[in-house]
Structures are given as structure tokens and as C-alpha cells.
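Notes for the one structure printed next.
Values in this document were obtained by computation on a predicted structure and should not be read as measured data.
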Protein chains: 2
Amino acid sequence: MHNVRFQALRRELQREKAEALLVTHLPDVRWLCGFTGSNAALAVTATKAVLFTDGRYTTQAKQETHGARVVIAKKSALKEACAWLEASAKRAGYDPEHTTIAALAMMRSAVSGKVRRSFFVALERPLVAELRTVKDAGELRLMERAAALGDQVFDAVLPHIESGMEETEIAAALEFFARSLGAEGMSFETIVASGKRSALPHGRATATRVGRNGFITLDFGVILNGYCSDMTRTVCVGKLSAQERAAYEAVLEAQEAGVAAVKPGATCAEVDEAARAVLRKAGLARYFTHSTGHGVGLEIHEAPRLAAGQTLELKPGMVVTVEPGVYLAGKFGIRIEDMVAVTQRGNKVLTKTPKALIEL
Amino acid sequence: MHNVRFQALRRELQREKAEALLVTHLPDVRWLCGFTGSNAALAVTATKAVLFTDGRYTTQAKQETHGARVVIAKKSALKEACAWLEASAKRAGYDPEHTTIAALAMMRSAVSGKVRRSFFVALERPLVAELRTVKDAGELRLMERAAALGDQVFDAVLPHIESGMEETEIAAALEFFARSLGAEGMSFETIVASGKRSALPHGRATATRVGRNGFITLDFGVILNGYCSDMTRTVCVGKLSAQERAAYEAVLEAQEAGVAAVKPGATCAEVDEAARAVLRKAGLARYFTHSTGHGVGLEIHEAPRLAAGQTLELKPGMVVTVEPGVYLAGKFGIRIEDMVAVTQRGNKVLTKTPKALIEL
């Protein structure tokens, strides 16, 4: 598995005429060689790969790392990786999206003065991130499992939600079920937004109590074997107004149109537009204030982005979220989100929880 | 509160002869103006401050932001902040530690061609990070509360730990108590490392079952009002060897020596050395493979670092962890960690849980 990934990366390096690569973004490191520690610099050439980390990870790095030799750095893993690269190649690429100005200065300080300015070259394309967009069969299985665990957690928490509860109590129960059912953690801060707070697209759980009537948006993800799930359901308690019901139906229709548009060859912008068009027709487009979705995998937000102007074409193996929503400030909000895998012929929705309005 | 922080920042800007500053690191943004959203660029001049974010945060940004005007960017919050800065100042500083090469390219693309190369200047010192190292009275209260919540969580989980449990079950219970007792979330991935796995300094909870004899290291933190707690206790089940008991006592003595060294005017290196010297005397220094501690606040890892070579002097209001440990690969590990606030005359240990060995 890791050998295949290194091979794919080396093909890309050749295509870019890059002799070597420094990988420092931790999910990229993990994807390539399996190491999950919090400090790592992976140096890759056409024939060799060396993972540099520190003394906290001596045992763990040996256990986890495949396809790369492990070196425990005495001082700075990053600097030792750079020194090794200088001894092994004439130039090395790096990822400008995940390299800070300060890190580049440190990288340069680790190579000799003669080549300081020229040795490190920013990659034109985020090579590892691009490779990671297309999940292999093993990854797809892990992502199905993560999504299924998300479904289980949702089922488990639903009977516990009622008027008068604090949002944080709901989040506590949800996260307890997640852990109890095997999650390594949550993939982002759990969103529980009730009543007027449902109009906050990113309404983290607060001490607000669930009112007698209205929506509750639950947006959460679990991590399983390193892979993130992501799902949103908006449920309701008590009575809804006609406007609220109509808006729910519109968001649901938009979400289903977005999912239907996910297939090989469709552009990311087309999926976004498919969902947005439904809300436009319903007169709700101006309340849909974010993009339709994002890639998901080892990170909760990965490439691609499903948004206007994104011309990238979907490929089999990509996994994206489809999550349109409407947010009427001071009134209510609704969002519905599934994880969707692109298949050879169309798509497979990984989130299995029904989407018809759940009235608690 | 936020006005005082902006004032302090403006004094630093003047000292650095910087006319304006672009703040993009989210904890810095939050500390300065209160906004907690996930997308923000805060532009600050000697007289004005404007927070740029996106449409997801229209309501939230207005509610949370103090000391800065809010602008909802149509496209890129970052680029609009840069355009505003160009109209307001001749140059603007930025933080090279938290600005990627790609972000700097985007920032430059947002200002006119004439000044593209010269407009943005990397700060010599991380001004906001430095200000944030010294907590004000309100922050210290919040951090005491976060640490107290950590203590409560530890007390709550302790009776539930026994041989045969999976580490993840312990983590699940711990995190459930955290949420139930009011935590907004965990400040990092909970570490539960039992038996031989306790020799992994960063042993995330796995499906490993707690054995009949040996140590269990619990390292966890809660988030309360945005502030992180961080504590570690190593407890044991069954019987320990004489070597294990002696090592525990040595780590405890080292931890207490580290805490005793925390006072205004002491350097970070002195605190590290105080703890390390005890382990050296016990013949265990080579098993202490990390630094002694770190600052903590809105982020789980902040400045300062308590490590060899760190000449920074501690000041009243700083909050650091003191967490020496020993890790004997394949055998066992021990770490003990408190949060400690520097006071006018010495220090105050915020973590109140006792440190004598707990035998379950």
C-alpha cells in the first residue's frame, strides 16, 4: 500500500522534473508512510525515503513507518531532513500551502550557503494532496466504516434529544456514543445549534437550552483508523411554521440534486450549481452562504472544493461532502449533509441515515 | 478587555516601527477581538481595526467582535483585509510563523503591483504570541477554572478504571465526564497508554486492554471558555516492580523540582534543568526524551517552551506545564504534569490533583 503511494508520488515528481521532495504536512506524511506522530519531516528522492522525527517517537516510528527509513533527530527533525536532502539531491520541492515563511527560513538555514536561495523550490501543484483526493479500495473501506459509525452515533443519540436539554448535553451524549462505539475521536468540534442558533452555520454546542419548537442542527464527524466522517442532519422538536417546513423541503431537494450531480467527469462547480439552482428556484439562494461541499479523508477538509468556479473534474475514488444549507439570521437554519464517494459510473452515498425530516 | 489588548499591541507596533499589522492566526484573532470563527483576517493600524470574515459568520462575528469593525468579505477575507491595509498604511507586518508561502503570495496578489514586493514585512518578533504569554486576571480565572474542571474529570473517571478495560473505553468515559461537566471539547487527543504502551510519550488511546500489573498514563485537557487545560497522571493497577516504583518516585521528585523552579525571573532553561537534574541523579536522564513543559492558554501549546537553551525569563501571569517523564521502551513509562501559573513572588499550581502514586 505504502509502496504504491510512494511509486505514485515518484511518478508525479518525475513529471514535474523534481528530483526530491520534502513532505512536512502531517496527513501527507501519514498517507505516504503510515507514521502518525506529531513531529515529522519526510524526505523523498527517486530511490530513497527517510522519515525524520524526534525521541518521543522512537518506538512508534519504527512500528508505524513503511517505505521509509526512520531517523530520530537529535535536535530538529526538519533541519536534519534538509541536510539529508542536500546530500542526496541538487534541489528539493516543498509544498507552499503547508510551509510557513518561518519554516522555509529554517529549511534554508540547514543547507549550505552556496545553495541556500536555490535549493528549495515551491511545487507548482500540491502533489501529495492531489494524490490523496483519489482514495484506494482500502481507504474507501475505511471511509465507509467511518461513515457507518457516524450513522450509528446519530441513531444512538436521537432518542436522547428533547426540549429543555442544553446543546452541550446533546454534544456530550453524541461524543460518548462515538467513543463507546469505537471512534478514536471527533473529526471536528461538534456542532449542535438549536432554535435561532441553527441560523449559525458553525454553531458550536453552547449552554443554550433546546426550545419547545424549532430546528436542531447536528453536524459532527468521527475519526476511525485515521479517516474522518462528516454528516449533518437538521431535526425538529415541537411545531414548525409553514415557512420552516418549506425551507426544509427545499434544502432536502437541493441536497439530493447535489448528490445526483456527483459522478466522474462532472466538475466541482457543476455539483455546487446543481444544489444552488434548487435553492434559487425556491427563492432561498441568498441564504445559502457557503460552498456545497469539500473532500474528506485523513483530514476533515481536503481537496476538492465543491464551489462556484472550481473546474476540477470528479474522478472515481474521490469522496466529498454534499451539504447545502440555508440560514435566516435571527430565525432558523437548516443543513443536510452526506458523504458521497465517486464511483466508476456515478456515486455511492456513504451516509445511510434517512433525510426526511425527523420530528422528535 | 479587548481595548486593553489592542492598546498593548499598538504599543508593540510603535516600538517595532510597524504602521500596521495583519493578524491571521485564529487564536491571535480571538485573543485580540473575541471572534471565534474559523476564517478571519484582522487588519490593525494605529487607530483602526477591521475583522474580515465570510458569510457563514455574519451573525456570529457581530455578536463576538469587540474593538474592531466587522466586514463580511464577498470572496476572500484575506485578500480584502490586504486591500484595506494598502488603503490605510504604507506597509504592514505579518507573522512569519503562521503565514504560509502560499498565503503570502495571495496577500501580495491583493495589493497593487507597485508595492507588491515591499508592502508586507515579516515581523521580527511574534508580537501577539508574546503578549498572549502573559495572562490577565480574567484569563487566569478562566485557566484556573479549566484546570479545576480537569481535576474534576480525573476524579470522576478514576473509579471506572480497571484491568481488562480497553484504553478507548477509559478515554470514552473521561471525555464523557468532561463534556457532562461543561467542557466545550478536549484540548488535544486524549492519551491513555497502559502497560508497555505507557513507554510511548504520545500513546493515544487504542483498543489495548489494561493488563493486570503496570502503569496507565492519562494525559488530557479540556477546553472551557476557549482556554485549554493540560494535566497528566500516571496511575497503576496490580503490582509494580521495585524499578517501577523507584522510577515513579524519581519522576515525582523531578516534577516537584521543576514546579519549585517556576518563579519570576527564572529562565525557561532553568526550570527544565531543575527537573532534568533530578532524573540525571537517578540515572534516568536518558529516558527523559522531551522538554519539561510549554505555555498553555487559548492554545494547548503556546510560548514559552521550557527546554534547554531557552533564555526567556518567566514573568508573572505566564502559565506553563511542568511535565517530566521517563520512557523505557518495551517496559514502562511515567509522566506527571501540572499547570503552573507564575505569580508576583513564585507560582501557583493550578492542577490540584494529588501526585502520590494512585494504586487502583
Looking at [atom1] of [X] and [atom2] of [Y], how far apart are the two atoms once the value is rounded to the nearest 0.5 Å?
X      : Y      : atom1 : atom2 : value
A/H98  : B/T100 : NE2   : OG1   : 8.0 Å
B/S38  : A/H301 : OG    : NE2   : 7.5 Å
B/M186 : A/M186 : CE    : CE    : 12.5 Å
B/E184 : A/T168 : CD    : OG1   : 9.5 Å
B/T36  : A/E189 : OG1   : CD    : 8.5 Å

Return yes when atom [atom1] of [X] has more than 12 non-hydrogen atoms of other residues, nucleotides or ligands closer than 6.0 Å, and no otherwise.
X      : atom1 : value
B/E97  : CD    : no
A/R305 : CZ    : no
B/R91  : CZ    : no
B/R286 : CZ    : no

TODO: Identify which of A/T59, A/D54, A/T99 forms the greatest number of heavy-atom pairs closer than 4.5 Å to chain B.
DONE: A/T99
Open item on the list: For the interface with chain B, which of A/A171, A/G185, A/A329 has the highest count of heavy-atom pairs at distances below 4.5 Å?
Closed with: A/A171
- [ ] Identify the two heavy atoms, one from A/A172 and one from B/S180, that lie closest to each other, and give their separation to 0.1 Å.
- [x] CB-N, 4.0 Å
TODO: Could you pull out all residues at least two apart from B/F177 that satisfy ring-ring contact (aromatic ring centres under 6.0 Å, His included)?
DONE: B/H160
Task: B/F215: partners by ring-ring contact (aromatic ring centres under 6.0 Å, His included), with sequence neighbours left out - done: B/F332
Task: Best-contacting candidate, B/E175, B/Q60, B/E169, B/H290, against chain A by heavy atom pairs under 4.5 angstrom - done: B/E175
- [ ] Can you check whether anything in residues 199-206 of chain B gets within less than 4.5 Å of chain A, heavy-atom wise, and list it by number?
- [x] B/L200, B/P201, B/H202, B/R204
Task: For B/S187, side chain to side chain contact (heavy atoms under 4.5 Å, CB included) partners two or more places apart - done: B/I223, B/C228, B/I300
Task: Intermediate values then yes/no, side chain to side chain contact (heavy atoms under 4.5 Å, CB included), B/Y94 and A/I101 - done: CA-CA 10 Å; B/Y94 70 91; A/I101 304 289; 3.8 Å; yes
